[in-house]
Amino acid sequence: MPELPEVEHLRRSLDPVLVGARLHAVTVRRRSVVDRSGAELGDALLSGQTIVATHRRGKQMALEAGNGRALVVQLGMTGSMTIEAGVAPRGMEAKHRHVLWDFSPVNAAGPRGSTPRWRLAFRDPRRFGGLTAYASMDALHQTWSELGPDALTISASDLAAALARARRPIKAALLDQGVLAGVGNIYADESLFAARIHPLRLAAALEHAEVAELARQLRRILSAAVEQGGSTLRDYRDAFGQPGTAVQSHAAYGREGQPCLTCGTPLEGIRVIARATVFCPQCQPRCQDLSTNVGMTVPVQGGRAAARPSRRAK
DNA sequence: CTGGTCTCCTGATCGC
DNA sequence: TGCGATCAGGAGACCA
């Protein structure tokens with residue numbers, strides 16, 4: 001599922017192709033995926049406009065047009081923006097393509113210098129994503145100012161400020177885009193594991209050193225995932241259909257019941273605000289006092305001795 | 001005000 | 001082989 005690294009990688013792969021390109025015709029096959037707030041559909045979708053920049057805040061990506069309008073792309077669970085260079089997709093790949101733009105790429109000259117026509121496609125089978133039109137960059141920034149600071153560059157002090165009044169589990173706070181922008185279920189679990197913080201710890205009660213470590217791990221894990229092209233579990237592809245490889249470095253997400261890569265204890269699975277959550281009961285103690293007692297005999301609640309083999313049967 | 005739960009939506013997977 | 005049940009979860013609506 002696309003989170004910040006996937007969206008940023010997508011933006012970086014689209015940017016050189018789209019900036020400077022002019023969007024010709026736009027085809028809307030399912031207009032319910034477009035929130036145009038009163039604008040005419042073609043205007044909302046930047047028809048006829050030249051793309052002058054791409055932007056990102058959290059999990060949202062925006063295309064800025066020459067006339068000042070902006071179009072925000074939200075990928076939701078299964079959304080994608082792909083470049084179709086000549087060949088049209090077939091089969092399942094051709095389904096659920098809700099909006100299609102014809103455009104002339106900037107850096108790709110066709111035969112005898114003629115400019116080929118490429119296509120940009122917004123596809124989203126589950127339709128948790130969508131496109132939102134803004135009349136100006138000011139209007140867009142207004143909306144984006146309601147998001148928390150971007151997780152890719154989060155500082156310890158900014159994270160501390162964001163969490164200071166969050167009277168809820170740290171994992172719930174991390175997933176709230178108004179607190180911190182860009183983190184979803186995968187990278188919430190990964191960053192909490194790396195920072196050795198239990199997902200149910202009260203956000204506002206974290207020690208400053210823990211918040212600083214969490215900010216550091218967020219930056220490290222997210223930027224590494226961007227470089228790896230994001231995490232492809234099933235659906236995610238970049239602008240040219242390539243999957244990301246960051247899933248190979250997941251230490252917690254999707255590893256319930258498997259041994260912790262640090263201590264070997266079977267990872268535990270719980271649900272936090274209805275999200276599947278995986279953590280190490282040994283490395284991420286619920287009671288913060290335990291983490292200061294490294295080396296001592298740490299009492300572990302519940303019978304963790306049973307390595308819950310029930311789930312591994314296959 | 002805060003935070004937890006529900007709802008949308010489709011495809012993959014599992015069990016029988 | 002087929003089919004129904006289950007699961008995945010971002011984000012906004014809704015409720016305690």
Side-chain angles (χ1 to χ4, degrees), chain A residues 1-8 10 29-35 37 56-62 72-81 89-99 121-132 143-148 150-151 161-192 199-206 222 225 230-237 243-244 247 250 252-257 269-278 310-314:
Chain A
M1 58 226 66
E3 299 180 27
L4 186 154
E6 292 75 35
V7 178
E8 176 61 13
L10 175 68
R29 307 166 118 190
R30 187 185 282 273
R31 58 175 59 205
S32 64
V33 304
V34 185
D35 178 358
S37 60
R56 182 193 59 77
R57 176 81 176 257
K59 306 174 194 175
Q60 301 187 28
M61 181 180 67
V72 162
V73 180
Q74 286 184 275
L75 300 178
M77 285 283 294
T78 55
S80 65
M81 286 283 268
R90 287 182 294 183
M92 279 303 295
E93 290 300 301
K95 290 181 65 179
H96 307 296
R97 286 146 77 239
H98 306 309
V99 179
F122 173 67
R123 179 172 180 268
D124 186 14
R126 223 127 128 203
R127 275 180 272 149
F128 278 19
L131 307 172
T132 308
T143 296
W144 277 4
S145 71
E146 291 165 16
L147 294 172
D150 194 78
L163 298 178
R165 276 165 285 100
R167 305 186 188 290
R168 52 178 153 166
I170 179 61
K171 169 142 181 186
L174 289 179
L175 292 177
D176 185 338
Q177 301 302 296
V179 171
L180 182 68
V183 176
N185 205 39
I186 295 174
Y187 297 105
D189 277 9
E190 292 301 314
S191 60
L192 288 172
L200 291 177
R201 295 271 308 283
L202 192 64
L206 293 177
L222 292 173
S231 296
T232 295
L233 296 182
R234 180 181 305 149
D235 299 297
Y236 175 74
R237 296 290 186 277
V247 69
H250 292 175
Y253 183 85
R255 297 194 67 244
E256 176 184 350
I270 59 174
R271 294 190 83 81
V272 180
I273 53 167
R275 301 286 191 280
T277 299
V278 180
S310 55
R311 204 173 164 282
R312 292 306 309 156
K314 189 168 186 180

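Atom set for the values below is all heavy atoms of this structure, side chains included, hydrogens, waters and symmetry mates excluded. A, B, ... follow the sequence lines: proteins, then strands. Residue 1 opens every chain.
- Looking at every heavy atom in both residues, A:Leu4 comes nearest to A:Ala181 through CD1-O, 3.8 Å.
- Relative to the side chain of A:Arg127, the nucleotides B:dG11, C:dG10, B:dC9 differ in distance, and B:dC9 lies closest.
- Under 4.0 angstrom from either OP1 or OP2 of C:dG10 there lies no side-chain N or O belonging to A:Gln74.
- Taking atom CG of residue A:Asp176 and atom P of nucleotide C:dG12, one finds them 10 Å apart after rounding to whole Å.
- A:Gly184 and A:Lys59 make their closest contact through CA-NZ, 3.6 Å (heavy atoms, listed as atom of the first residue, atom of the second, distance).
- For C:dA8, the OP1/OP2 oxygens have a side-chain nitrogen or oxygen of A:Arg271 closer than 4.0 Å.
- The listed nucleotides are C:dA11, B:dG4, C:dA8; the one nearest the side chain of A:Pro169 is B:dG4.
- Between A:Ala173 and A:Leu163, the shortest heavy-atom distance links the atoms CB-CD2, 3.9 Å.
- Remark: P of B:dC8 and NE2 of A:His98 are 17 Å apart, rounded to the nearest angstrom.
- Considering only side-chain N and O atoms, A:Gln177 lies under 4.0 angstrom from the phosphate OP1 or OP2 of C:dA11.
- A:Arg168 comes within 4.0 angstrom of sugar-phosphate atoms only, judged by non-hydrogen atoms across all strands, and of no base.
- Not one side-chain nitrogen or oxygen of A:Arg126 sits closer than 4.0 Å to the OP1 or OP2 atom of C:dG10.
- One can place CG of A:Asp124 at 9 Å from C1' of B:dC9, the figure rounded to the nearest angstrom.
- Look at CZ on A:Arg275: it is 11 Å from P on C:dA8, rounded to the nearest Å.
- Under 4.0 angstrom from either OP1 or OP2 of B:dT10 there lies no side-chain N or O belonging to A:Lys95.
- Distance, A:Leu174 CG to B:dG4 P: 13 Å, rounded to whole Å.
- Counting non-hydrogen atoms under 4.0 angstrom, A:Glu3 reaches nothing in the nucleic acid.
- Rounded to a whole Å, the CG atom of A:Asp35 is 11 Å from the P atom of C:dA13.
- Look at OH on A:Tyr253: it is 11 Å from C1' on C:dC7, rounded to the nearest Å.
- The distance between atom CD1 of A:Ile273 and atom P of C:dA13, rounded to the nearest whole Å, is 17 Å.
- OP1 or OP2 of B:dG11 has at least one side-chain nitrogen or oxygen of A:His96 nearer than 4.0 Å.
- A:Val278 and A:Gly254 get closest at one heavy-atom pair: CG2-N, 4.3 Å.
- Each of A:Val99, A:Asp35, A:Val72 was evaluated against A:Leu131; a single residue qualifies, A:Val99, per the side-chain contact (heavy atoms from CB on, under 4.5 Å) test.
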